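Working notes, structure below.
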Amino acid sequence: MVSVSTDKTKLDVAFVQNFLKDIYWAAGRTTQEVQCTIDHSVCFGLYLNEQQIGFARVITDYVVFAYVMDVFVDEQHRGCGYSSVLMDAVMKEPQLQQVKIWRLATRDAHFLYEKFGFTALAYPERMMEKVIK
């Protein structure tokens, strides 16, 4: 049985860090950094028979803005619709229902996020970023 929980005490931080340390958007993230991101985000663990198989987190002010990050399903469980289950839980989370603007970045999963109403930026020329390496 698959389930999603926002209970941070259920998260397998080692599992999350092990996945993120090798993925393009979070390469090299340490266990301490992963724990810090968990501490300061709304987190979603995806579980199959109580074993964690996925993760997502949202950075938010709970009213105006939310940014979806670190969404993944373990490679051996892909292709079963679990990423849609995870994103459905994110978008239906009661504490996030007032949020007006949702954003995320993806290189290769547009098909997933489009199911939940995400589109390309209407005015990308208005967006700026600062990246510290």
Side-chain angles (χ1 to χ4, degrees):
M1 178 173 142
V2 75
S3 62
V4 178
S5 174
T6 57
D7 181 352
K8 292 180 185 182
T9 65
K10 289 180 64 173
L11 291 172
D12 182 342
V13 177
F15 165 78
V16 174
Q17 192 272 335
N18 189 56
F19 181 88
L20 292 177
K21 71 179 177 54
D22 296 324
I23 199 70
Y24 72 90
W25 73 81
R29 199 176 293 170
T30 68
T31 301
Q32 293 79 14
E33 290 169 331
V34 169
Q35 185 63 60
C36 187
T37 66
I38 288 170
D39 292 344
H40 298 284
S41 303
V42 179
C43 297
F44 299 80
L46 176 69
Y47 303 91
L48 181 61
N49 301 323
E50 301 301 317
Q51 178 184 357
Q52 188 169 357
I53 63 166
F55 178 76
R57 67 188 182 92
V58 177
I59 301 168
T60 187
D61 62 15
Y62 298 94
V63 177
V64 178
F65 185 78
Y67 196 88
V68 180
M69 298 187 73
D70 296 339
V71 179
F72 72 87
V73 173
D74 189 58
E75 202 168 315
Q76 64 184 345
H77 297 287
R78 292 184 189 159
C80 300
Y82 296 145
S83 59
S84 291
V85 170
L86 180 57
M87 280 304 299
D88 188 59
V90 170
M91 300 311 298
K92 290 180 177 174
E93 171 58 33
Q95 62 182 326
L96 301 175
Q97 292 308 297
Q98 291 185 46
V99 175
K100 314 255 183 314
I101 299 168
W102 288 79
R103 293 233 168 93
L104 59 78
T106 186
R107 180 169 74 183
D108 54 7
H110 297 78
F111 65 92
L112 169 65
Y113 301 114
E114 287 169 351
K115 293 183 209 176
F116 297 95
F118 286 87
T119 62
L121 291 173
Y123 304 100
E125 69 277 6
R126 294 181 184 176
M127 298 301 297
M128 296 180 72
E129 69 178 355
K130 178 180 176 180
V131 178
I132 300 170
K133 295 184 182 198

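Since this is a predicted model, take the numbers as computed values, not measurements.
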Please list, one pair per line, the donor and acceptor atoms closer than 3.5 Å that link side chains of residues 107-126 to other protein atoms, with sequence neighbours excluded.
unit_1: Lys115; atom_1: NZ; unit_2: Ser84; atom_2: OG; d: 3.0

Inset, instruction - Find out if a path of hydrophobic residues (ILVMFWY) with successive side-chain heavy-atom gaps under 4.5 Å connects Leu104 to Val85. - result: yes
Legend entry - Pair listing, salt bridge (charged side-chain N to carboxylate O under 4.0 Å, His left out) test, anchored in residues 79-90, at least two apart: Asp88-Lys92
Legend entry - Sequence-distant partners of Gln98, side chain to side chain donor-acceptor pair (under 3.5 Å), two or more places apart: none
Inset, instruction - Identify the two heavy atoms, one from Val64 and one from Val99, that lie closest to each other, and give their separation to 0.1 Å. - result: O-CG1, 4.1 Å
Inset, instruction - Not counting sequence neighbours, which residues clear side chain to side chain contact (heavy atoms under 4.5 Å, CB included) with Ala89? List them please. - result: Val4
Legend entry - Pairs involving residues 37-49, ordered by first then second residue, that meet salt bridge (charged side-chain N to carboxylate O under 4.0 Å, His left out) (sequence neighbours left out): none
Legend entry - For Met87 against Val68, the heavy-atom pair lying closest together: SD-CG1, 4.3 Å
Legend entry - Sequence neighbours excluded - salt bridge (charged side-chain N to carboxylate O under 4.0 Å, His left out) pairs with any residue from residues 53-81: Arg29-Asp70, Arg57-Asp70
Inset, instruction - Consider only side-chain heavy atoms of I, L, V, M, F, W and Y, link residues closer than 4.5 Å, and tell whether Ile59 and Val63 are in one cluster. - result: yes
Legend entry - Those residues that, when tested against Val13, pass side chain to side chain contact (heavy atoms under 4.5 Å, CB included) (two or more places apart): Thr31, Val34, Gln35, Ile38
Inset, instruction - Could you pull out all residues at least two apart from Ser3 that satisfy side chain to side chain contact (heavy atoms under 4.5 Å, CB included)? - result: Tyr47
Legend entry - Side-chain cluster (under 4.5 Å, hydrophobic types only) that Ile132 belongs to, other residues: none
Only distances under 3.5 Å count here; give the side-chain donor-acceptor pairs of residues 49-56 to other protein atoms, sequence neighbours excluded, each with its distance to 0.1 Å.
unit_1: Asn49; atom_1: OD1; unit_2: Met1; atom_2: N; d: 2.6
unit_1: Gln52; atom_1: OE1; unit_2: Asp12; atom_2: N; d: 2.7
unit_1: Gln52; atom_1: NE2; unit_2: Gly54; atom_2: O; d: 3.0

Inset, instruction - Could you list all the ring pair (Phe, Tyr, Trp, His ring centres under 6.0 Å) pairs where at least one residue sits in residues 59-83, not counting sequence neighbours? - result: Phe15-Phe72, Phe19-Phe72
Inset, instruction - Tell me whether Ile23 is reachable from Leu11 by hopping between hydrophobic residues (I, L, V, M, F, W, Y) whose side-chain heavy atoms are closer than 4.5 Å. - result: yes
Inset, instruction - With rounding to the nearest 0.5 Å, note down the distance linking CE in Met69 to OG1 in Thr37. - result: 8.0 Å
Inset, instruction - With sequence neighbours excluded, tell me which residues meet side chain to side chain contact (heavy atoms under 4.5 Å, CB included) with Asp7. - result: Ser5, Thr9, Lys10
Inset, instruction - Begin with the C-alpha distance, continue with both residues' side-chain angles, and end with the deciding distance and a verdict on side chain to side chain contact (heavy atoms under 4.5 Å, CB included) for Leu46 and Phe44. - result: CA-CA 6 Å; Leu46 176 69; Phe44 299 80; over 6 Å; no
Legend entry - Transitive ILVMFWY side-chain link Leu96 to Ile101, under 4.5 Å: no
